[in-house]
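Residue numbers begin at 1 in each chain, while the letters A, B, ... track the order of the sequences. The structure displayed is predicted, hence computed values, not measured ones.
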There are 2 protein chains.
Amino acid sequence: MNNKISKNSIRRLIRYRTVLQRFQNMGLGKVFSDNLAEALDIKASQVRKDFSLFNLTGNKRGGYVIGDLLEKITNIIGKNRTYNTIIIGAGNLGKALLQYTGFEKEDIKIKAAFDIDPAETHKQYSTPVLPMENLHSFIQENDIEIAILTTPALAAQRVMDLLVKANIKGVLNFAPIRLKAPKEIFINNVNLLQELENIIFFIKEKKEKIAVI
Amino acid sequence: MNNKISKNSIRRLIRYRTVLQRFQNMGLGKVFSDNLAEALDIKASQVRKDFSLFNLTGNKRGGYVIGDLLEKITNIIGKNRTYNTIIIGAGNLGKALLQYTGFEKEDIKIKAAFDIDPAETHKQYSTPVLPMENLHSFIQENDIEIAILTTPALAAQRVMDLLVKANIKGVLNFAPIRLKAPKEIFINNVNLLQELENIIFFIKEKKEKIAVI
DNA sequence: CTGATTTTGTTATTCATTTCACAATAACTC
DNA sequence: GAGTTATTGTGAAATGAATAACAAAATCAG
Ligand SMILES: NC(=O)c1ccc[n+]([C@@H]2O[C@H](COP(=O)([O-])OP(=O)(O)OC[C@H]3O[C@@H](n4cnc5c(N)ncnc54)[C@H](O)[C@@H]3O)[C@@H](O)[C@H]2O)c1
Ligand SMILES: NC(=O)c1ccc[n+]([C@@H]2O[C@H](COP(=O)([O-])OP(=O)(O)OC[C@H]3O[C@@H](n4cnc5c(N)ncnc54)[C@H](O)[C@@H]3O)[C@@H](O)[C@H]2O)c1
């Protein structure tokens, strides 16, 4: 493959899969680029362009076979195996994620949580909450590739450094700070305050009309 | 103003403010486009371009006065008043958000949560969890502009319809479905599973090398 | 006060992404 | 099975976003 693929195409690819799974559950066997476009609120040509980028092909006039498409997309995104994950910081948010069963279905397994506070590590959940001392060895021994970071912002960089040492591959960071790490570690930031502020910008009554594209 | 402003510029504007506040807390009085660029890991010309779009001006050779800049940005984004917010669905995630104090600091006030389950509405928190019957009148009477949607996906559209009826202005949606609503209501989706899948794509060892730009 | 230096603000340029447009072709119609 | 229609796949065109480039202005040095 020769073509450059943007992060946006990948985000869309993930959404295509979500939608395709829904279609499949509804009993459908085929889709047209049209249907996918409508579901994602984009243009059909965008769908076909993306597919072309990833060498996803269909049938002229016949559209795409959902089953085939799902198999190929899964191959590209990478989900016919389990990805082992841990949560660091078993506070409000960490525990909510720990309790959530929706990841499991998708073969993202949360193997443990970690916390510095002994009060947390002594509680019993179906998934254990372990003390930070165990972090390094646990990552090694359980083939952990992804960490979800839900400590306070102040602790986040310190934890990140530990994760780097333990050779983590990717991090989903909820702490509202920009983490420093070698660039081969993929960090995905989720900043909920900024998501709310983004809403505020759009609902705010504008003094001077600002055209937003 | 004549120029089109992209959603990206707005996202960056929100980040500029975050960084500027940090600088201010460190006792600084002025910044250069350089400093902001470094903090956000973008180019200085991007910062100046954005500022130009929003008519944010500084002083040649003198940089920008942080205080002034913060005031103007706050004026644009809209945060010298309080935004009243509710949470719908007081489950794992809803309760984590309810407990979080970081929004309050930024004048985003969570006034109540709502749940269909009487077991939830009878518990006592510092913020009340109310039954769904009260939703409409509560929104009206408490000047609620933003709703955070944390019900299961199956209930989400039904709840959205209620919110539309009650004239909500913006929604932060955590349920993994695409909500339908009139376009003047701003919906911001957070899909944590997709954020994790995005990480998986990037950490997955590639069979055929795909160049990601 | 003059010239050198720094930094903004904006225009031009480059680079990236989306959309268009249409040939190729598979499927349907009669 | 000839003609019509629907839909893909992709190169070209249009649009959009980021970066570079630089003139203008402010400050500084001596
Ligand atoms: N809860 C929310 O709704 C919410 C919303 C937006 C952002 N966030 C961010 O997510 C993060 C977590 O938020 P929260 O509300 O769950 O906080 P929290 O205080 O409830 O939980 C943080 C947990 O991290 C643990 N911890 C602290 N230092 C640690 C360390 N060095 N190593 C390991 N564990 C450590 C604490 O013991 C605690 O259990 C914060 O950075 C917060 O800003 C949370
Ligand atoms: N918890 C997580 O970490 C997590 C992660 C990713 C996505 N999500 C999504 O966020 C949403 C909430 O997740 P959760 O884990 O908190 O679920 P949850 O089941 O713990 O909580 C959902 C709450 O919504 C309430 N509810 C159900 N129907 C309702 C209705 N019609 N009106 C009002 N309330 C109603 C339930 O009583 C329950 O208290 C889900 O859509 C889930 O897919 C959650």
Next on the checklist: Contact list please: residues 33-50 of chain A against DNA chain C, heavy atoms, distance less than 4.0 Å, in numerical order.
Outcome noted: A:Lys43, A:Ser45, A:Gln46, A:Arg48, A:Lys49
Item to check | Among C:dG9, D:dT8, C:dT17, the one nearest A:Tyr64 by side-chain distance | outcome: D:dT8
Checklist entry - Which part of the nucleic acid, if any, lies within contact of B:Ser9, taking any heavy atom under 4.0 Å across all strands shown: a base, the sugar-phosphate backbone alone, or nothing? => result nothing
Item to check | B:Ser52 side-chain N/O to C:dT10 phosphate OP1/OP2 under 4.0 Å | outcome: yes
Item to check | A:Leu53 CG - C:dA16 P separation (whole Å) | outcome: 13 Å
Checklist outcome for this item: Between A:Thr150 and A:Gly94 the two heavy atoms that sit nearest each other are OG1-CA, 3.5 Å
Checklist entry - According to the ring-ring contact (aromatic ring centres under 6.0 Å, His included) rule, which pairs have a member within residues 152-196 of chain A, sequence neighbours left out? => result A:Phe186-B:Phe202
Next on the checklist: For A:Phe138, give me all partners under ring-ring contact (aromatic ring centres under 6.0 Å, His included), at least two apart in sequence or on another chain.
Outcome noted: A:Phe114
Item to check | Length of the line joining B:Arg11:CZ and D:dA18:P, which is rounded to integer Å | outcome: 13 Å
Checklist entry - Can you name the residues that form a side chain to side chain contact (heavy atoms under 4.5 Å, CB included) with B:Asp50, not counting sequence neighbours? => result B:Ser9, B:Arg12, B:Tyr16, B:Gln46
Checklist entry - Which whole-number value in Å describes the distance from A:Asn59 CG to D:dG9 P? => result 8 Å
Item to check | Contacts of type salt bridge (Lys or Arg N to Asp or Glu O under 4.0 Å), residue B:Arg15, not counting sequence neighbours | outcome: none
Checklist entry - Could you state the CG-P distance from A:Leu56 to D:dG9, rounded to the nearest angstrom? => result 9 Å
Checklist entry - Which residue pairs satisfy the ring-ring contact (aromatic ring centres under 6.0 Å, His included) criterion with at least one member in residues 26-50 of chain A, sequence neighbours excluded? => result none
Checklist entry - Pick the nucleotide of DNA chain C nearest each of A:Arg12 and B:Thr57; which residue has the one closer to the 5' end? => result B:Thr57
Checklist entry - What pairs meet the salt bridge (charged side-chain N to carboxylate O under 4.0 Å, His left out) rule with one or both residues in residues 58-76 of chain B, with sequence neighbours excluded? => result none
Below 3.5 Å between N/O atoms, which protein atoms pair up with nucleotides 4-6 of chain C? Just atom names and distances, please.
residue, atom, partner, partner atom, Å
C:dT5, O2, B:Arg61, NH1, 2.4
C:dT6, O4', B:Arg61, NH1, 3.2

Checklist entry - Would you say the side-chain atoms of A:Lys180 pair up with the backbone N or O of A:Met160, donor to acceptor, closer than 3.5 Å? => result no
Checklist outcome for this item: Atom NZ of A:Lys7 and atom P of D:dA17 are separated, to the nearest Å, by 18 Å
Item to check | Partner residues of B:Lys95 under the salt bridge (Lys or Arg N to Asp or Glu O under 4.0 Å) criterion, sequence neighbours left out | outcome: B:Glu120
